[in-house]
Undergrad: 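Dropping the structure in here first, questions after.
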Amino acid sequence: MGSIAKIIAQRLALGVLTLLIVSFVIFVSVNALPGDFAQAIMGQGATEEAVTAMRKDLGLDQPYFQRYFSWLGNIITGDLGISFAQMNFASNLGGDQLISVADQIYPRFINTMWLAGFAALIAVPLSLTIGVLAALYRNSMFDRIANIGALTSISSPEFFIAYILVLFLAVLNPVFLPVAEVTPGITLGERLYFLALPALTLTLVVTAHMMRMTRASIINLLASPYIEMARLKGVSPMRVIVKHALPNALAPIINVIALNLAYLITGVVVVEVVFTYPGIGQLFVDSVINRDIPVIQACVMIFASAYILLNLTADILTILSNPKLRHPK
Amino acid sequence: MAEQLLKVRGLKLEGLSGETWTPIVNGVSFDLKKGEVLGLIGESGAGKSTVGLAAMGFTRDGCRISDGEVEFDGIDLVNASAAVKRSLLGKRIAYVAQSAAASFNPAHKLIDQHSEAPVQHGVSSKSESEADGMELYRRLRLPDPDNIGFRFPHQVSGGQLQRAMTAMAMACRPDLIIFDEPTTALDVTTQIEVLASIRDIVEQFDTAAIYITHDLAVVAQMADKIKVLLKGDEVEESDTRTMLSNPQEDYTKSLWAVRSFERPKKPAVNTGATPIVSIKNVTAAYGTVPVLEEVSFDIHEGRTVAVVGESGSGKSTTARCITGLLPPKIGHIEFDGQALPLDYRRRSKDQLRQAQMIYQMADTALNPRKSIGEIIGRPVQFYSGKTGSEKRRRVEELLEQIELDPGQYINRLPSELSGGQKQRIGIARALAADPKFIICDEVTSALDQLVAEGILKLLANLQDTLGLSYMFITHDLATVKAISDEVVVMKDGRVVEQGPKDEMFQPPHHPYTDLLLSSVPEMDPDWLTTLLDQRGVDNIGDAAVNKMA
Amino acid sequence: MSNLLFVIAVLAAAVVGGYLFRLIGQKTTQNRPYFRDMPFLVAFGYVFGAILIFLCARLYLQPTTLESGVPNAVTIFFRWTVHLIAGLALAAFLFRLAGRNIGTDGSKRLFRQMPITASFGILTIILYCIVALMPEVFAPYGEAEVFAKSYVYPFGDPAANGDPAHILGTDEIGRDILSRLIFATKNTMFIALAATILAFLIGGIAGLAAAIFGGWVDSVISRSVDVLMAIPALIFQLLLLSIASFWANSYGIPMVLFMIVIIAVIDSTRVFRLARSVGLGIVAMDYIEAAKLRGERLGYLITREILPNAMPPFLVEFGLRFCFVFLTIASLSFLGMGIQPPSADWGTMVRKLADFIKFAQFLPNAALLPLFPALAIAILVLAVNFVVDWILDKSSGLKG
């Protein structure tokens with residue numbers, strides 16, 4: 001077991017290192033902006049003194065690396081700064097009711113997790129089932145239709161799928177709601193009802209990818225000599241799948257799921273915008289358009305962390321599911 | 001007169017290529033009685049495996065039985081329902097695959113896979129069949145039979161896995177076992193013990209078997225009668241001794257004759273003559289893993305040195321050291337008395353030209369996107385600077401040397417050639433450099449015997465006309481016998497012994513040399529029995545090798 | 001609730017029907033192997049499919065206006081969908097038929113093996129390319145030409161707020177939608193193609209270099225790519241585009257250039273992965289070793305030995321990357337960070353006209369306004385995907 005613990009420790013360390021480098025890349029990208037933030041926040045009309053004061057407030061008078069490390073330190077302690085929009089608001093009106101970025105992001109992060117989680121909950125079992133069936137009955141009518149359906153879904157932009165669903169399930173047949181403007185304090189049932197269409201959109205997008213990958217890896221697996229051996233032992237088709245194919249399919253399936261959950265992270269951005277869902281994706285797009293740097297930085301860090309965490313989990317699960325590593329010679 | 005078990009009549013099979021079904025087996029018939037062993041032999045593409053599986057009522061995807069009967073103990077397997085076939089497979093008919101490493105499920109322990117068929121077919125309980133499995137492991141002479149079953153496939157060596165798979169096939173005491181090339185992937189010393197244990201156990205339980213192989217000497221040990229297939233057609237069938245001593249058909253005769261090809265002996269090398277290539281005390285490693293230890297031998301002008309050994313013995317690494325792909329840590333290589341730079345990148349164009357290489361897999365050795373003319377033309381142009389019609393004349397000359405018609409082949413792509421033809425192009429490319437010395441790395445091991453013989457004869461002729469020297473890397477001792485002048489035996493990165501061929505094949509020698517050379521199956525049907533009598537059952541294969549170490 | 005009950009009823013009917021179907025099949029054919037060995041799922045599939053076809057036919061055949069005089073929007077949209085698919089399939093079928101009878105022997109053979117999906121793909125790609133190369137020929141009006149009447153509905157029926165002069169209607173400031181759709185073909189395809197080509201140059205060269213040199217070169221590039229890939233692509237692109245818009249403003253560099261470079265750089269990480277693995281596969285071949293031992297230079301190795309063998313997987317990947325880039329541009333534009341007005345662009349058009357979807361119940365024609373540009377994207381990407389899928393299927397030899 002020693003070697004497996006060592007491999008996992010290595011992966012974990014690599015994950016942390018990647019996250020550190022990613023944070024540096026984000027910091028450098030953002031600081032590649034011409035001019036400075038203080039000017040950007042205050043607008044052209046601001047006096048020189050006010051801008052200088054703001055610059056001092058933001059710590060922009062400090063050296064580059066010091067700023068990076070203080071930013072990094074703040075992130076680790078959960079301090080994501082204050083958004084420019086808030087500051088601008090404060091400096092113009094003199095108010096001091098500042099909402100920090102962390103407070104702004106937290107409820108939206110929860111909302112996004114709901115959406116992604118709901119979508120994943122439908123998409124994962126659905127696509128694994130369709131993928132396995134398509135692999136078992138490959139080149140059948142079912143396989144062909146599933147393949148064409150999946151290609152169509154992959155080829156459509158997320159917003160197209162979203163609007164088609166709105167058209168058919170919210171406008172023509174008012175089963176669900178065309179917008180998902182959830183408010184704090186709603187019940188679980190209401191939340192799921194609001195989330196139905198955005199989650200369905202994401203499901204369709206992700207299922208297509210996941211189903212194709214599952215099909216490919218299962219077909220690959222079914223061609224292995226040990227599957228033929230199992231059939232030549234007179235084992236029932238069901239048992240061949242459950243006992244012989246599935247344990248070996250774990251690693252590829254874990255990777256397929258991780259890859260697609262990671263894809264969900266990107267998918268939520270467009271879907272949240274279409275359904276005006278108050279999630280982190282919509283916040284990100286808004287702040288990108290308003291160039292609200294502290295919010296942008298924070299959102300990108302959150303997206304990247306989620307992405308890295310997913311891949312890391314998949315990596316570790318894959319290692320754990322490998323009999324060669326679990327039972328070394 | 002034993003009872004009839006399997007009856008195959010006019011069996012025809014088709015395979016799906018693209019959108020159309022094309023015949024791959026055109027009518028095969030045979031009978032098998034209880035306890036009888038049929039050897040099915042033929043070259044690649046003969047359809048032996050397909051016939052073997054069809055005898056179980058099984059066809060792979062993209063393959064189907066188009067005509068004929070398969071009757072097992074009165075049951076029509078061609079038209080039987082899936083459920084009926086399932087009730088027979090594993091229980092009354094079992095299968096042993098070529099690659100045990102790939103055919104054992106990597107996710108389960110050996111004993112769990114062993115007991116699956118008995119439990120699923122309701123033959124015995126899990127604990128009974130596990131106990132029986134250990135007994136079978138013991139009979140098959142697997143080490144530590146009580147515990148080896150609790151290992152995972154990757155924790156067990158290839159030869160042991162193959163025996164564990166035989167035990168698994170025996171689990172329900174079937175009436176018939178299909179052995180599909182069970183020893184092809186093994187080294188010769190390992191092969192022996194697998195052969196011996198398969199033969200024992202089949203005899204002990206009076207099981208009928210179909211033994212599929214391309215190796216005549218192996219089938220001679222195992223089978224009561226032999227059937228020869230060629231490209232999906234039956235050639236002939238008779239009992240083993242008759243078949244060996246008195247084959248009827250030309251094709252069978254030619255197969256038998258392959259093994260008798262041997263070059264005339266050359267006079268001894270002058271003592272004091274400078275060798276073409278001299279390997280001096282070479283020690284090499286991949287990173288920190290040592291692979292060669294103080295390897296030394298000489299290759300003289302116009303001679304062939306065969307380097308033999310089992311997988312992992314370091315013979316191909318030696319070639320990489322000579323070509324400069326893997327510069328040795330210690331030691332050096334001399335060419336015609338001059339020390340060569342160790343790294344190929346520091347060798348001059350002329351030094352590179354002098355030593356050429358021919359590869360085992362002609363498929364990966366020829367660029368699939370280049371025509372034959374380009375493949376051979378490039379070294380001609382590169383080394384001699386010839387272009388245009390001069391270059392083309394030289395390419396045509398080379399094609400004639402390797403006995404291919406230039407007009408027909410010069411514009412073809414490698415994918416349009418057969419395996420043997422591709423290997424000839426590999427030879428022509430080496431000759432195009434006008435070298436003195438050629439390394440042949442397992443050049444015949446991927447080829448069928450008749451084709452391989454053609455390549456060996458061609459290489460021998462070229463040596464005589466062009467005065468070439470060869471280093472011949474091989475694990476096949478028949479090839480060594482056929483072509484070599486001197487033999488170098490390697491094991492675990494060291495040279496065990498070296499000397500002229502005739503001496504090496506006459507014992508006594510270093511125990512490993514004797515073991516290796518005597519492990520090569522011979523056409524004599526009594527060879528295995530005799531050998532086992534000489535060595536004793538506990539002193540074959542891995543056991544013998546381990547004792548030596 | 002009634003919807004759910006209906007779905008359950010259909011499924012239950014298919015389960016029972018499937019069982020009966022197989023049983024009847026076995027009885028009437030005296031237990032032929034086809035019915036005897038038919039898995040239940042297959043029987044279920046046949047019956048379920050039959051029920052679906054029946055339901056679709058019923059929906060299709062309903063009248064287009066309800067008794068109250070209100071349009072039956074569901075049936076109208078369903079008919080449009082069916083007509084669109086049937087029309088595309090028919091065009092693809094005719095195209096394949098033509099291909100099988102016209103041209104050289106080689107091209108005829110190609111068309112004979114081609115599935116209908118692939119022929120649809122090829123036809124569509126050709127049409128889009130022609131439109132993209134000379135949009136002026138096809139567009140009735142200029143790209144940014146503004147007319148007096150905004151929000152004209154499609155199909156030119158004056159009674160339904162249409163105008164025969166604007167067959168697909170006009171947008172929020174009165175520009176002809178058909179013309180903008182046609183000009184957008186050029187804009188979007190040009191950027192997508194440029195970005196994909198650039199991504200291949202960067203990723204392809206880096207990937208092959210990593211494969212050939214190995215060692216620290218490989219480690220450095222691979223690790224950097226890992227880091228870049230740890231930030232989700234769309235997020236990173238939005239971030240960089242937002243920064244680039246500052247640069248574009250202050251230095252007067254066209255935003256399009258930034259878009260191409262940013263999309264290409266981020267996409268090149270995926271190309272790198274492929275190029276590296278393809279490269280490693282080829283470098284391990286004996287013919288590369290033979291060429292090295294001959295003393296060939298690096299340039300010869302890359303151009304003559306490696307590249308020709310890397311081309312087939314690269315071509316397939318090029319198609320897939322193009323689709324991906326194309327969808328990325330659509331998403332970016334939809335989110336407001338892509339191609340900027342007055343240049344016509346499909347993603348932007350969808351966003352601007354999206355609200356019309358809500359009127360679909362009473363004004364089916366109006367709801368088409370945002371769907372046209374979305375369809376234009378989907379059809380092109382689908383076409384490329386179909387062709388790529390066909391090539392993959394063909395080259396994998398073993399079907400499936």
Side-chain angles (χ1 to χ4, degrees), chain A residues 1-4 7 132-140 143-144 215-255 317-329, chain B residues 16 19 49 52-53 56-62 82-109 112-123 150-157 161 165 168-169 171-172 174 177-178 180:
Chain A
M1 284 309 279
S3 71
I4 203 162
I7 295 173
V132 170
L133 283 178
L136 284 182
Y137 298 105
R138 64 177 170 285
N139 296 329
S140 70
D143 182 26
R144 276 171 211 191
R215 176 183 179 274
S217 57
I218 296 284
I219 284 180
N220 204 357
L221 198 80
L222 289 179
S224 335
Y226 59 82
I227 296 294
E228 183 177 284
M229 192 69 216
R231 289 165 68 192
L232 287 171
K233 281 201 280 182
V235 173
S236 72
M238 201 59 206
R239 196 179 154 87
V240 170
I241 299 290
V242 174
K243 196 80 187 168
H244 290 272
L246 220 52
N248 296 292
L250 277 181
I253 285 178
I254 289 167
N255 280 305
L317 287 177
T318 309
I319 293 168
L320 287 177
S321 75
N322 186 340
K324 289 189 187 170
L325 290 174
R326 259 191 308 155
H327 311 279
K329 285 194 179 183
Chain B
L16 191 62
E19 299 282 304
S49 292
L53 287 170
M56 309 176 73
F58 185 87
T59 48
R60 292 199 166 119
D61 283 344
V84 170
K85 279 193 251 183
R86 263 209 307 282
S87 70
L88 292 174
L89 290 178
K91 186 180 175 190
R92 300 195 58 200
I93 313 175
Y95 179 74
V96 175
Q98 173 172 356
S99 165
S103 297
F104 268 115
N105 192 325
H108 300 298
K109 290 177 186 145
D112 290 338
Q113 303 192 46
H114 179 95
S115 57
E116 182 174 25
V119 173
Q120 288 300 306
H121 289 296
V123 173
F150 295 95
R151 298 204 201 156
F152 283 85
H154 69 271
Q155 296 169 318
V156 180
S157 77
L161 270 185
M165 176 160 284
M168 184 162 86
C172 293
I177 302 185
I178 315 290
D180 192 354

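Throughout, a chain's letter reflects where its sequence line sits, starting with A, and its residues are numbered from 1.
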Undergrad: Below 4.5 Å, heavy-atom pairs only: which of B:Gly90, B:Ala82, B:Cys172 has the largest tally toward chain A?
TA: B:Gly90

Undergrad: In the structure I gave you, are the side-chain heavy atoms of A:Pro225 and B:Gln98 within less than 4.5 Å of one another anywhere?
TA: no

Undergrad: Select all residues of residues 100-107 of chain B having any heavy atom within less than 4.5 Å of some heavy atom of chain A, and report them by number, or 'none'.
TA: B:Ala102, B:Ser103, B:Phe104, B:Asn105, B:Pro106, B:Ala107

Undergrad: Looking at every non-hydrogen atom in both residues, tell me the closest pair between B:Leu89 and A:Arg231 and how far apart they are.
TA: CD1-O, 3.7 Å

Undergrad: Please lay out, stage by stage, how A:Glu228 and B:Tyr95 fare under the test side chain to side chain contact (heavy atoms under 4.5 Å, CB included).
TA: CA-CA 10 Å; A:Glu228 183 177 284; B:Tyr95 179 74; 4.2 Å; yes

Undergrad: Pick one of side chain, backbone, both or neither for B:Gln113, based on which atoms fall under 4.5 Å of a heavy atom in chain A.
TA: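 B:Gln113 touches chain A through backbone and side-chain heavy atoms alike.
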
Undergrad: Counting only N and O atoms by type, is there a donor-acceptor contact under 3.5 Å from the side chain of B:His121 to the main-chain atoms of A:Lys233?
TA: yes

Undergrad: Give every residue pair that meets the salt bridge (Lys or Arg N to Asp or Glu O under 4.0 Å) criterion with at least one member in residues 234-252 of chain A, sequence neighbours excluded.
TA: A:Arg239-B:Glu116

Undergrad: For A:Leu232 and B:Leu53, what are the C-alpha separation, side-chain angles and deciding distance, and is it a side chain to side chain contact (heavy atoms under 4.5 Å, CB included)?
TA: CA-CA 9 Å; A:Leu232 287 171; B:Leu53 287 170; 3.9 Å; yes

Undergrad: Under 4.5 Å heavy-atom distance to chain A, tell me which part of B:Arg60 shows up: side chain, backbone, both or neither.
TA: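 It is the side chain, since no backbone atom gets that close.
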
Undergrad: Donor-acceptor pair, B:His154 side chain versus A:His327 backbone, under 3.5 Å?
TA: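 Side chain of B:His154 to backbone of A:His327, a donor-acceptor pair under 3.5 Å: yes, one is there.
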
Undergrad: Tell me, side chain or backbone of A:Ser236 under 4.5 Å from chain B's heavy atoms, or both, or neither?
TA: both

Undergrad: So what's closer than 4.5 Å to chain A heavy atoms on B:Ile178: side chain, backbone, both or neither?
TA: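 Neither part.
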
Undergrad: Just how far is it from atom NE2 of B:His108 to atom CG of A:Asn248, taken to the nearest 0.5 Å?
TA: 7.0 Å

